[in-house]
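One structure is given here, and the rest of the page talks about it.
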Amino acid sequence: MTEPKHLYLVDGSGYIFRAYHSLPPMTRTDGTPVNAVYGFTAMLMKLLADMDADHLAVIFDKARVSFRNEIYPLYKAQRPPPPEDLIPQFPLIREAVRAFNVPCIERDGFEADDLIATYAKRARAEGAIVTVVSSDKDLMQLVGEGVALFDPMKNRAIGPAEVFEKFGVAPDKVIDVQALAGDAVDNVPGVPGIGVKTAAQLIGEYGDLETLLARAAEIKQPKRRQSLLDHAEAARISLQLVRLRDDVEVSETLADFATAEPDAEVLAGFLAENGFRSLLARVTAVAHAKAGTTPQPAAAPADDDYVLVNTLAELGVWIAKARAAGLVAIDTETDSLKARRATLVGVSLAITPGRACYIPFAHGLRKAEGLDFDGAAPPVANIEDKAAALALLGDLLRDPGVLKVGHNLKFDLHVLANAGLSDVAPVDDTMVLSYVLDGTLHGHGMDELAGLHLGRRTITFEEVCGKGKGQITFDQVPLDKAVAYAAEDADVTLRLYLLLRDRLLKEHMVRVHETLDRPMVRILTDMEAAGVRVDALRLKALSGDFAKRMGDLEDQIHALAGHAFNVASPKQLGEVLFEEMSLTGGKKSRKTGAWSTDAQVLDQLAAEGHDLPARVLDWRQYAKLKGTYTDALVAEIDERTGRVHTTYGLTVTATGRLSSNDPNLQNIPVRSEAGRKIREAFIAAPGHLLISADYSQIELRLVAHVAGITALRQAFAEGKDIHAITASQVFGVPVEGMDPMVRRQAKAINFGIIYGISAHGLAQQLGVGRPEAAAFITAYFARFPEIRSYMETVKEEARTVGWVATPFGRRIPIPGIQDKNPAARAFAERQAINAPIQGGAADIIKRAMIALPPALEQAGLATRMLLQVHDELIFEAPEAEAETAAALVKRVMETAVTLTDDQGERTVPLEVDTGIAASWAEAH
DNA sequence: GATCTCACG
DNA sequence: GACGTACGTGAGATCG
């Protein structure tokens, strides 16, 4: 006789809420909340370790609406929606289940409990015994021969005795008791005045609910009798609500739930991606134990060979090996996150996977100063003859026959340049490779990629240097730890490079990487190093001016309110406007219920003649300009160069654009008069001028190109005013003598097209009714019919392959396109429409940026490229050559790419406007 | 750390 | 008929 099969059915939804409420908020490095994911994963791991089952499935509730709502619409109706920070965790939790290779079940229209009842019944029919894992009392009705309940919360089994203890009846009568007693939480009505105690007593006496209702007239207590007579129907409905369906049509059989070992890589990848280090360590320990191998710390597999190099002879050997291989992965360690002002503390190199070295240059120096080692050996052993070592390293870094690969190499290039090692070439960057391949599907930090692709948990910087106040700089790290950390980074970089380069080929992304993103590493490094001159005195003067205006406005605002309050607090402002002053037209945000006080709301109130909101708008403008620009920019001026140096993000945006941070120089004010004053402080070095060169209407040109809109193409080819042409087509008015308001509306429609138009969005932008906006769109589609098929095609593309592409082949994942939430799907569709356009424009300016520095140099010009603002480039030119340089820049930008159709014919020309002046404000 | 607001293309 | 809205970023101030 064989043992009966044993099936575990886990109530996944119950697990989720318990995990969520029992753990403090936790977030992943990308900000995604994961406390419930963590708790759920930990509980699932514990269950897998403890249980004796050979079959297992986790069951989830799918939607908030089930067949019970058809019986009784109020069922579970007053239940609050799940907390905001729990919602993004639901899909991750399903991913967790799959990562453990456990079946993950849900079905529309049914609650998890119904599915559990169904599978339990089927498994019993196949002779298996069943354990239902849940703390939910509603599942107690299933307890019986071969079906037990296990409460993971109290860690105890629940059999008939425990059910009787809870409901005062046997399991098969539980639903009769529940139907009578009702349930306030789930909105099961029950019979008023009857609780579990009374219900159990009545069912004990009459046998079941139907008999009780039929004989209700016999009951002695008058109130109870009347309530039963009055609410018999409610009791019957309640019975239907609490009785679990065990006849759901399901396709899975018991065999489908047979337990199987998880794929170690998938599981490790999931745990690493979510930052669950302790769980990852436990999993690897278990895997080693099962394989009979000695558990190794996951961070340092036994076959990794990381060594310290501190003699010139040893360094020479590594450099010779790198030359022979033609490839070396490199990583620098420093004492600061600000690459341009960081000191080179050490360098690590890797040439073959699993082997790497670390060369310390500046460990322990500061601490050793003034210390007397009493003749003993110094506590650190930096490389001997630092200058000679740097020279050797420099030769390798400049060797055209050796590819240098880094992760976020821009950072290392700054550090090396600071140490006197410049002109590093050729180079490649694993962070950029990862971005080209996967876009924003995941982050591109080394730790994350190591977990994802190598199933490996790397030593983190925090583990080596600590965090918060007690954090030390890398030069203070003992050498053994420094070697383990730094050498691993070079090793991981090399391994990632080999893996991602392979994927690049297989996934046909070589061209995008080679012609667009890889060359940008060098270009951006140079732009960041160049910086831009900013007139500190002028900004300080502006700051004082803004402060005074703010002070005056604040006084007026307080006087109008009748009391002082913090104008910068949207909360306090909302209360003043909409509660104290009882102004109408306020909106409360759906999420927090707070009054909205954004510019749109305040504008409306100001237009109605209210003074206070108008003053707040002014105050806000000055507060923004002062806080974000004048004060912040002055603080960002590098004292050594007298200039401001941004950092460009090459692997940040969804579409292929750059981003700019610390400080962001891509959002310097220009739209308002006061804002433009800040641009006046961006100036050229003495004897120089700034050149601004911006693509005219580049995104609309891309629309005309990708959507094949003949009329628009022709208008661009003829150099027409594109918004006026649009207005004339859509509204049927002549271009000559056109009302500027009509042109303005057409311009908004054109922007709408770029953004993946919606009637609501356009209506809001134009301040017209939605039907009117919808009519505009209809008219636009009628005049430019190609746009409609473009939109359909691109959405279809996104649906079938999960991504869309720019005209140059860059892939942009659209993960939400299959979302079952219509709003989320519509959002993804607009992204799909916009991405090839925004991304195509980003590709074009990258091509220009790559072509420009060599073009300028070949022309014998000393003009330098300083800034990029999506469709604009800023250069600094010696006065004497500015005109020549501007002409060259214009030509190179306009010819950076040629947009052609299938026949190789140009579709739309590119046009660049240039300006030359002493300040950015005037040049633009 | 989340939220709101606002600067840019 | 409901969903929840124009696309893409980064930063500062408030507040729990």
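Throughout, protein chains are lettered first and strands after them, A, B, ... in sequence-line order, and every chain is numbered starting at 1. All values reported here derive from a predicted model rather than from experimental measurement.
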*asked:* What contact category does A:A748 fall into here, base, sugar-phosphate, or nothing, at under 4.0 angstrom with non-hydrogen atoms?
replied: base

*asked:* Closest approach to the side chain of A:D598, judged atom by atom: which nucleotide of B:dG9, B:dC6, C:dA6 is it?
replied: B:dC6

_Regarding A:Q838 and A:T655, do their side chains bring together a donor and an acceptor under 3.5 Å, going by distance alone?_
yes

*Judged by modelled atom types alone, do A:Y622 and A:D545 share a side-chain donor-acceptor pair under 3.5 Å?*
no

*Which range-with-range stems can be found for DNA chain C when each stem has 3 or more Watson-Crick or G-U pairs in a row and both distances sit under 3.5 Å?*
B:1-9 with C:7-15

*Options C:dT5, C:dG8, B:dC8, nucleotide nearest the side-chain atoms of A:R679*: B:dC8

*asked:* A side-chain contact here means heavy atoms from C-beta on lying under 4.5 Å apart; do A:L337 and A:F461 qualify?
replied: no

*Could you give the CG-to-C1' distance, from A:L573 to B:dC6, as a whole number of Å?*
15 Å

*Which heavy atom of A:L577 sits nearest a heavy atom of A:L605, and at what distance?*
CD1-CD1, 4.2 Å

_Can you build the contact string for nucleotides 9-16 of chain C? Use B for base contact, S for sugar-phosphate-only contact, and - for no protein heavy atom under 4.0 Å._
SBBSSSSS

*Please state whether the phosphate of B:dT5, meaning OP1 or OP2, lies under 4.0 angstrom from any side-chain nitrogen or oxygen of A:T597.*
yes

*Take atom P in B:dC8 and the same atom in C:dG4, then report the distance between them in whole Å.*
30 Å

*Which part of the nucleic acid does A:R770 contact within heavy-atom distance under 4.0 Å: base, sugar-phosphate only, or nothing?*
base

*Looking only at side chains, do A:N35 and A:Q89 share a donor and an acceptor under 3.5 Å apart?*
yes

*Would you mind reading off the distance between A:I698 atom CD1 and C:dG8 atom C1', rounded to a whole angstrom?*
15 Å

*Provide, to the nearest angstrom, the distance between the CD1 atom belonging to A:I845 and the C1' atom belonging to C:dG8.*
15 Å

_Centre-to-centre under 6.0 Å for A:Y780 and A:F784, is that the case here?_
yes

*Rounded to whole angstroms, how far apart are CD on A:Q831 and C1' on C:dG4?*
14 Å

*asked:* Could you tell me how far apart A:I833 (CD1) and C:dC7 (P) are, to the nearest whole angstrom?
replied: 10 Å

*Minimum heavy-atom distance A:S434-A:H442, with the two atoms named*: OG-CE1, 3.5 Å

*Near A:K795 NZ, under 6.0 Å, is it more than 12 heavy atoms from other residues, nucleotides or ligands?*
yes

*Indicate, with a heavy-atom threshold strictly under 4.0 Å, whether A:P669 touches base, sugar-phosphate, or nothing.*
sugar-phosphate

*B:dT3 to C:dT5 separation - P atoms, rounded to the nearest Å*: 14 Å

*Provide, to the nearest angstrom, the distance between the CD atom belonging to A:E699 and the C1' atom belonging to C:dA6.*
13 Å

_Under 4.0 Å from OP1 or OP2 of C:dC7: is there any side-chain N or O of A:R830 that close?_
yes

_Using whole Å, what does the distance between atom P of nucleotide B:dA7 and atom CD of A:E673 come to?_
15 Å

*Go through the N and O atoms of the side chain of A:R671 and the base of B:dG9, and report whether any donor-acceptor pair is under 3.5 Å.*
yes

*asked:* Any base atoms under 4.0 Å from A:L762, or only sugar-phosphate, or nothing? Heavy atoms, all strands.
replied: base

*asked:* Given A:D638, which partner from the list A:R643, A:R340, A:R533 fulfils the salt bridge (charged side-chain N to carboxylate O under 4.0 Å, His left out) test?
replied: A:R340

*asked:* What is the distance, to the nearest angstrom, from the CG atom on A:L702 to the P atom on B:dG9?
replied: 18 Å

*Rounded distance in Å between the C1' positions of B:dA7 and C:dC3*: 31 Å

*For the side chain of A:Y755 and the backbone of A:I833, is there at least one donor-acceptor N/O pair under 3.5 Å apart?*
no

*Among C:dA6, B:dG9, B:dT5, which nucleotide sits nearest the side chain of A:S596?*
B:dT5

*Sugar-phosphate, base or nothing in reach of A:A599, heavy atoms under 4.0 Å*: sugar-phosphate

_Between A:S919 and A:R538, a side-chain donor and acceptor under 3.5 Å_ = no

